[in-house]
Amino acid sequence: SIRRQRQMCIRDSASTDAHRSWTISDEAPKYDPEDVIVPPYMVETAVTREDLTGYYHEVSRFDHFIGLVTAELKKQGVLENTMIVVAADNGRPFPRCKSRMYNSGIKTPWVVHYPKAIKKPSVTQSLISVIDLSATCLELAGVKRPAFIQGRSFMPILKDPKAQVREVVFAEHNWHVYKNHERMVRFGNYLYIRNNFTDQKLPNILLGQVFRTILRGQVSRTILRGQVFRTVLRGQVFCTVLRGVTHVEGSLCQGGEQGG
């Protein structure tokens with residue numbers, strides 16, 4: 001029981017949802033491909049729509065299990081004294097998302113429940129970074145932030161969505177499948193990305209107009225802006241979605257209980 005603990009308790013619960021390959025279960029609804037909203041940077045095909053339904057399903061299942069956690073916290077009588085942070089370590093596993101420095105890759109989910117500070121559900125446009133979580137936890141524990149902690153507490157934003165704790169956020173992409181070296185800085189409406197490996201000889205072959213996607217054991221072909229990305233790895237050809245960003249910008253703050 002969490003209630004028996006007198007000191008501050010921090011618990012990290014990780015989920016495999018949403019992660020390829022998709023798995024369907026009864027804990028979440030199944031979505032119709034016709035209801036899917038295809039992002040403008042993705043190719044509009046039946047295969048894309050079907051693929052996105054699997055992603056939607058796993059996100060909904062993740063939300064279901066968050067509901068079970070909050071229900072248990074409420075049962076133990078500690079929900080109102082608990083900060084819940086729902087976050088992701090990178091963008092969704094699709095082109096221009098996971099491991100990309102654009103908003104679609106670094107603006108990951110950031111939902112906060114903490115009734116003591118959040119008086120009503122709200123959305124903030126203030127910039128935050130994942131590294132700010134450590135500074136926030138230290139403030140909640142009543143511990144002075146050491147000089148080596150780079151993050152900044154986002155408690156002021158929870159109390160006032162218009163508050164700002166930083167003017168810029170940074171992100172980096174160093175590796176996924178192969179080595180990379182990208183840096184990003186975001187300030188206001190401006191986004192600066194620097195790629196230091198523009199001339200590296202990667203095992204990626206541009207093949208004209210066909211982009212191959214391996215989906216549920218079948219190979220489907222779709223047109224993707226006249227380019228094809230294949231990764232040759234260990235003597236075999238794999239399709240890849242480039243991955244691996246950590247920092248985030250933007251946040252959603254919500255008071256009260258999280259739904260299931």
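Positions are given from 1, in the same order as the sequence printed here.
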Expected output: side-chain T48 to main-chain E44 donor-acceptor under 3.5 Å
no
Please check: side-chain N/O of N81 versus main-chain N/O of V78, any donor-acceptor pairing under 3.5 Å?
no
State the CZ-OG distance between R92 and S104, to the nearest 0.5 angstrom.
8.0 Å
R20 side chain to W22 main-chain N or O, any donor-acceptor pair under 3.5 Å?
no
Exceeds 12 heavy-atom contacts within 6.0 angstrom, atom NZ of K30
yes
Using 0.5 Å steps for rounding, measure from the OH atom of Y55 to the CG atom of D51.
11.5 Å
Roughly how far, to the nearest 0.5 Å, is CE of M101 from CG of N195?
10.0 Å
Contact summary for T53 and V36, nearest pair of heavy atoms:
CG2-CG2, 3.5 Å
Hits for ring pair (Phe, Tyr, Trp, His ring centres under 6.0 Å) against Y102, two or more places apart or cross-chain, chain-then-number order -> none
Show the nearest heavy-atom pair for residues V112 and L158, with the distance to one decimal.
CG1-CD2, 3.8 Å
Going through the distances and angles, do V168 and Y190 end up as a side-chain contact (heavy atoms from CB on, under 4.5 Å)?
CA-CA 10 Å; V168 299; Y190 296 94; over 6 Å; no
Please state whether the rings of F197 and H181 are parallel, tilted or perpendicular, taking 30° and 60° as the class boundaries.
tilted
Sequence neighbours excluded, the answer for side-chain hydrogen bond (donor to acceptor under 3.5 Å, both in side chains) partners of R145 is none
Return the minimal non-hydrogen interatomic distance between A163 and I157, and the atom names on each side.
O-CG1, 3.6 Å
Rounded distance (nearest 0.5 Å) linking atom CZ of F170 with atom CZ of F187
9.5 Å
Under 3.5 Å, side chain of H19 to main-chain N/O of E58, donor-acceptor pair present?
no
When you check the side-chain N and O atoms of R186 and N103, is any donor under 3.5 Å from an acceptor?
yes
For D132 and R152, indicate whether the former's side chain and the latter's backbone hold a donor-acceptor pair under 3.5 Å.
yes
If I compare all heavy atoms of T82 with all of P115, which pair ends up nearest, and what's the gap?
O-CD, 4.2 Å
Distance in Å, E167 CD paired with S126 OG, rounded so as to fall on 0.5 Å steps:
11.5 Å
Within the side chain of E50, is there an N or O that forms a donor-acceptor pair under 3.5 Å with the backbone of P33?
no
Apply side-chain contact (heavy atoms from CB on, under 4.5 Å) to the pair Y31 and S60, showing each step before the final yes or no.
CA-CA 10 Å; Y31 295 95; S60 296; 2.5 Å; yes
Scanning both residues in full, the closest heavy-atom pair of P146 with L138 reads CD-CD1, 3.7 Å
Minimal non-hydrogen separation, A18 against V59, with atom names:
CB-CG2, 4.1 Å
Testing the 3.5 Å rule here: is there a donor-acceptor pair between the side chains of S15 and R61?
no
Mind checking the CD-OG1 spacing from E182 to T198? Nearest 0.5 Å is all I need.
10.5 Å
